[in-house]
Amino acid sequence: MAGEPSEKGEGQSHRTSSHGDSTDEHESTRKQKTEPDAIQVPSDDPAALAKLDSNIKVEVKDEDLYAHLPPAEAQILRRQVDIPDVKSGWKTLYRYSTAWDILIIVVSAICAIAAGAALPLMTVIFGNLAGDFNGYFQGLTSRSGFEHTITHMVLYFVYIGIAEFVTVYISTVGFIYTGEHISGKIRSHYLEACMRQNIGFFDKLGSGEITTRITADTNLVQDGISEKVGLTLTAVATFVTAFIIGFIKSWKLTLILTSTVFAITAIMGSGSTFIIKFSKQSLESYALGGTIAEEVISSIRNATAFGTQDKLARQYDEHLAKAEKYGYKVKFVLACMVGGMFLILYLNYGLAFWIGSRFLVKNEITLSQILTILMSVMIGAFSLGNVAPNIQAFTTAMSAAAKIFNTIDRVSPLDPTSDAGIKLDHVDGNLELRNIKHIYPSRPDVTVMQDVSMTIPAGKMTALVGASGSGKSTIVGLVERFYDPVKGQVFLDGHDVSTLNLRWLRQQISLVSQEPTLFGTTIFENIRHGMIGTKFENESVEKQKELIIDAAKMANAHDFITGLPEGYETHVGERGFLLSGGQKQRIAIARAVVSDPKILLLDEATSALDTKSEGVVQAALEVAAAGRTTISIAHRLSTIRDADNIVVMSEGRIVEQGTHDELLMKRGAYAGLVEAQKIAALDEVSSEEQGKIDAEDDELVRQLTGGYEKDPDDKNISNKLSRTQSEKSQSSLALQRRTSNGEQQDSLWTLAKLIASFNKQEIHLMFVGLFFSIICGGGNPTQAVFFAKEILALAIPLTNPRTGAVIPGAAHEIRHQVDFWSLMYLMLALVQFGAFCTQGVAFAFCSERLIHRVRDRAFRTMLRQDIEFFDKEENTAGALTSFLSTETTHVAGLSGVTLGTLLTVITTLIAAITVGTAIAWKLALVCTSAIPVLLCCGFFRFWLLAQFRRRAKKAYEKSASFACEATGAIRTVASLTREDDVSRIYIESINVQAKKSLESVSKSSLLYAASQSLMFACVALGFWYGGNRIADREYTIFQFFVCFSAVIFGAQSAGTIFSFAPDMGKAKQAAQELKILFDRKPTIDSWSQDGARLESVEGTIEFRDVHFRYPTRPEQPVLRGLNLTVSPGQYIALVGASGCGKSTTIALLERFYDPLVGGIYIDGKEISSLNLNDYRSFIALVSQEPTLYQGTIRENVLLGADRDDVPDSEIEFACREANIYDFIMSLPDGFSTVVGSKGSMLSGGQKQRIAIARALLRDPKILLLDEATSALDSESENVVQAALDKAAKGRTTIAVAHRLSTIQKADIIYVFDQGVIVEHGTHAELMNKNGRYSELVNLQSLGKHAP
């Protein structure tokens, strides 16, 4: 899209595509074309912004991304990234099930249904027993007959209990096993499918998405096809059986009581819609807060530099307040729902007895039938409540499965596992590229190679040189056939590679890339990966060992490997992090040459190494390359001077080619480069001197950190890592740093006190909540008395059992008593409803308040930390943001809610035992013995279900991380053709895991089945003992029922309430983490008021012998004795290769870190002695990635000022200085234009100039520019550069630059190398010196000379 007007017009429509990244760079260049002098702002700019701003994402079909390409090319690209859509019904979930699986599922389903039917059957026995008691008292049965009946019925209870145990056990184990088995199959098929895909597919998805699929989505699928299926079947079976029993006993009464089902459904339904609505709003308003948190934490250096922590924390707090309001509503509705359940429960009792008594008087029904129907309807109605949450799990599983099956069913255009294609018998290794045009499928608007043709003769070494982005690495990708070019062909020995078998092709080629990827296994295994698919793959282990040692010797790695205690069996750690860069690279070279490949590709194989390792690795490569076709990509020209052909590339075209000498004769781009690098080489530190500097640096660090060499364990560790002498101390230092701070553990009491302190103000509300919790607990025992009274009333005989004559007034008496007790039920129902709602409201308010305050305090504490805290691996922006959103909510588990729940349970139990003992102490004691069992049942039933979920998640973490390691290093896997190997290991680990989890599930399901069935035993015990006491005429019916229902049913309901309690374990852990966070005092504390106050600053800056290493990488020296002086008002520039310590200098000036040795002085005062906020207020920082926050342009500019009352004239002045004022005024909303998250609505150049305006608003004495223009394209760069030059006038300015053209006018240029300054002077002086600086200049001008 070379900017023809027609294309530009339609380009507008699809630039806001949902693939943000792929279009970003393009968008900024397009806007900028008309923007160099910002006065004539094009009309399309505000329109584009307004369009972006309206948040209506124009849904874009992928086709549009390729619309600007010819159809044939678009087709090739589309083929590489398209993903088919698979419709997923519930049948697809089971598509990998074997016949055996299906058999198990059928058996489990039958058992689940049987288990569900058992509960309602219990009610029949219960009713019959009550009827028998009544008959015995009326004298209808003899004592022996009565005792026989009781034994008979009690045995029924026991039998049902046993049946329940068996069926629950079988169904749980069965469903969990098949769920695990099938989802394991899905997992392995998914990984296999991933291994089969082409690289373009991964570019588009990103490794994160694949990780999510492997870890999260497969868990969701497993969740939807495991025990939830069984639970749902059980619940439905319970419901159906209950109503069948009811209708058989008395259809009239059952029909009337069916109203409870509707009432419960209505309450659950309406409640959950509100809950969903409010939690959505709560999550949304929190998500906005979370976005702010994420924006701030990910740009913490900026927030710290400008001292905006407090402003940003206040913004965050506004969102928290909204979230609190909605969260309060959620908990309020939840409390009302629980209250509503109890309301209906008690009303149902009242209704049943009231209507039942009417039917009883008419002789249409007996006492036992009333009881049976009453209880079975209740059990049936409540069982329905268990279905809803599971339905959600099924739907989630289906949508997750659809995403997974999309990949599984995708046909890869470049499938390394297929057998299609020719395999040549003999390979010479002649490569040829013919008229290649290449575009990466994930970046369709950038043409990377245009019409490139070159031959790479067999057995010769061809070198590629050029600036980054000139298409060098692309050639490697095409030869390996990671991508198909859109035009042209690649030939191997005259055969088009697209006709050859892909796996065979890759086995002929070995690749050593810039960042070597090792896998988390032993060195031996890592090198052996290179043999996959070659003739050596199936050799004996001895032979392989021999080859591997030869390869290691060739790669110069044998000596350091044998120096390790375990030699070749040393485990290298995940991604090889236990080895240094040079060691990894040499192992990668050994892996590449072990199979004696015909073609060797070296993609900047030495660029990531330091000088010492480079020489060693380079020597290894030269040996390895002898006699093979080699393509070498190099930055350092000295490494390729002996190449047979050197190809100089620029912007996707070949500029010149020839041997080293031929190219020198041409005096072209290459010659200039060589000249510069030659001279620079003279000033370079030799490796001996380098070693000496290192040793001194280490010595300094060691004195500083105290003698850490003494610890014998560390010695062992350092021996294990066995590096060169100078490195030993560092690695042991590193490892000691990593292990030294053990986890602090506080007592539960300390943590509870910490949490309580957040709720100090709500203490009155707490007491209200606790008081009503006690009332809630009293409901059950009270109800027991009513229940017994009702039965007593219904047991009044209507006729004389002996004569059969109607007893006068009996019917009236029954109805009179039943009416009274039914009204008492009404009263109880309303009181309980009120109590549950009130305590719910009180606690909802307290816990939301608590969460709000904890979040606010945690966020502020995070912002207070120094930068070192954010460098640690565990403190990434993602981790801290998710800590704020999830961990903080768990804390509520230690607050009033939990206390309330416990009080309710305790009240229930104490009251039940008291009532029982007062009325019938013997029976009460027998029943009380069952309480612990019942409580455990109630608790375990829910806890184990959660446990099953947790276990499933945990179980696959290890295999998932293996899978993610493989997909993350997909290029390495592909080039080694390790696909089958990876799948095999993964499947093995899944099978091992499945065996393990089958064992653990078969154990924990025993407990679960017991928790479901022991209840029957407890009821049986009560009836048996109570029945015998009644037979002795020791107790009346009233005494029996009060005691029995108070204790047994009380304990059951207590157990259930128990399960509603928030997770205490999680709460304790979250509280512990918060405590650790709150206790952490940063060394550089932005809250502290200490230090000398600073009224004014001249701007003289001095670095005196500064040594520094990043705390997270103590083994890596960054600055080694930096000396630097800046006079007031000077403009100095820092240049050098990346990683030489330029940006570190800026970070130390902002005091993000303190140097290890030496000091930094401003106007002669050391900065660590000054008040931090005062000092920072004189400095402004413009960094490489401009940080804007959500909000308007005005708000973003104002963040620069450290006071609140900034007049508009100042803002306007700052914006004019930054060259952005006219652009802002041309927008429809001017300064009130919203910039979007992280400023996404603006182009790079616009963002950067707003950042400059923000920096200028402080009117800083010292301006720090950290590569302020490096992320921009050339058009925007000029505009921004002009703004920067304007800004630097009259201030002390320190600029770090990659593009040297931007700092030619600097007063002094300092050239860094390896943490020290190697030369300094003005541009002209340094060019005359012809040293390191002029080499850098020539390197960069290479791209510019291109024709």
Side-chain angles (χ1 to χ4, degrees), residues 35-42 45-46 49-50 53 302-303 305-312 314-315 1094-1099 1128-1129 1131 1173-1183 1186-1236 1239 1241-1243 1245-1265 1268-1269 1276 1278-1293:
E35 220 205 297
D37 47 2
I39 299 111
Q40 38 132 334
V41 167
D45 224 328
L49 260 168
D53 195 33
N302 204 298
F306 283 103
T308 49
Q309 293 101 320
D310 191 51
K311 275 187 192 169
L312 295 165
R314 283 204 297 270
Q315 281 186 15
L1094 197 59
E1095 298 305 323
S1096 64
V1097 166
E1098 287 285 295
Y1131 182 49
N1173 291 325
D1174 278 4
Y1175 168 63
R1176 282 188 183 148
S1177 68
F1178 289 103
I1179 305 181
L1181 169 71
V1182 179
S1183 53
T1187 314
L1188 301 186
Y1189 302 111
Q1190 267 183 340
T1192 62
I1193 293 183
R1194 166 183 264 110
E1195 285 164 2
N1196 270 297
V1197 175
L1198 276 175
L1199 282 175
D1202 30 22
R1203 52 189 200 281
D1204 287 337
D1205 48 332
V1206 182
D1208 283 358
S1209 55
E1210 283 190 34
I1211 299 179
E1212 183 181 327
F1213 178 71
C1215 291
R1216 280 194 197 281
E1217 286 290 286
N1219 258 347
I1220 183 89
Y1221 184 71
D1222 298 320
F1223 164 71
I1224 297 176
M1225 293 326 285
S1226 73
L1227 296 171
D1229 298 339
F1231 275 102
S1232 312
T1233 308
V1234 177
V1235 299
M1241 307 288 175
L1242 303 173
S1243 75
Q1246 294 156 355
K1247 280 197 279 200
Q1248 195 55 286
R1249 282 176 312 179
I1250 288 179
I1252 294 170
R1254 176 171 60 195
L1256 293 181
L1257 191 62
R1258 298 175 84 96
D1259 192 20
K1261 272 285 178 281
I1262 301 170
L1263 184 60
L1264 306 178
L1265 308 174
T1269 60
S1276 344
N1278 300 334
V1279 185
V1280 172
Q1281 193 53 48
L1284 287 173
D1285 293 342
K1286 213 166 167 186
K1289 288 205 176 63
R1291 300 192 163 89
T1292 308
T1293 308

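Numbering starts at 1 and runs along the sequence shown.
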Atom CD1 of Ile1220 and atom CD of Gln1246: how far apart are they, to the nearest 0.5 Å? 6.0 Å
Heavy-atom donor-acceptor pair, Glu1195 side chain to Thr1192 backbone, under 3.5 Å: yes
Any side-chain heavy atom of Arg1216 sitting closer than 4.5 Å to one from Asp1222? yes
Side-chain contact test, heavy atoms from C-beta onward, threshold under 4.5 Å: evaluate it for Asp1208 versus Arg1194 and give yes or no. yes
For the pair Gln1248 (side chain) and Ser1183 (backbone), establish whether a donor and an acceptor sit closer than 3.5 Å, ignoring hydrogens and angles. yes
Within the distance-only criterion (no hydrogens, no angle test), does the side chain of Lys311 pair as donor or acceptor with the backbone N or O of Leu1198 below 3.5 angstrom? yes
Do Arg1258 and Phe1178 touch side chain to side chain, with heavy atoms closer than 4.5 Å? no
Evaluate side-chain contact (heavy atoms from CB on, under 4.5 Å) for Leu1264 paired with Val1182, printing each intermediate quantity in order. CA-CA 6 Å; Leu1264 306 178; Val1182 179; over 6 Å; no
Does atom CZ of Phe1213 have more than 12 heavy-atom neighbours, drawn from other residues, nucleotides or ligands, at distances under 6.0 Å? no
Could you report the tightest heavy-atom contact between Ala1214 and Leu1256, atom names first, then the distance? O-CD1, 4.1 Å
Indicate yes or no: at least one non-hydrogen side-chain atom of Cys1215 is less than 4.5 angstrom from one of Phe1223. no
Here the gap from Ile1262 atom CD1 to Tyr1175 atom OH, rounded to the nearest 0.5 Å, amounts to 5.5 Å
Rounded to the nearest 0.5 Å, what separation is found between the CG atom of Asn1196 and the OG1 atom of Thr308? 10.0 Å
Under 4.5 Å between any side-chain heavy atoms of Tyr1189 and Leu312, yes or no? yes
Starting at CG of Leu1094, measure out to OG of Ser1177 and round the result to the nearest 0.5 Å. 7.0 Å
Looking at Thr1187, is its backbone amide N or carbonyl O close enough to the side chain of Arg1254 to form a donor-acceptor pair, meaning the two atoms are under 3.5 Å apart? yes
Between CG of Leu1265 and CD1 of Ile1252, what distance do you get to the nearest 0.5 Å? 7.5 Å
Exactly one of Val1206, Ile1224, Ile1193 clears side-chain contact (heavy atoms from CB on, under 4.5 Å) with Ile1211, and that residue is Val1206
When you measure from the side chain of Arg1291 to the backbone of Pro1260, do you find a donor-acceptor pair of N or O atoms at a distance under 3.5 Å? yes
Main chain of Gly1099, side chain of Thr1292: is a donor-acceptor contact present, judged purely on distance under 3.5 Å? yes
Would you say that Leu1181 contacts Asn302 through its side chain, given a criterion of any heavy-atom pair below 4.5 Å between the two side chains? no
Less than 4.5 Å apart, any side-chain heavy atom of Leu1199 and any of Phe306? no
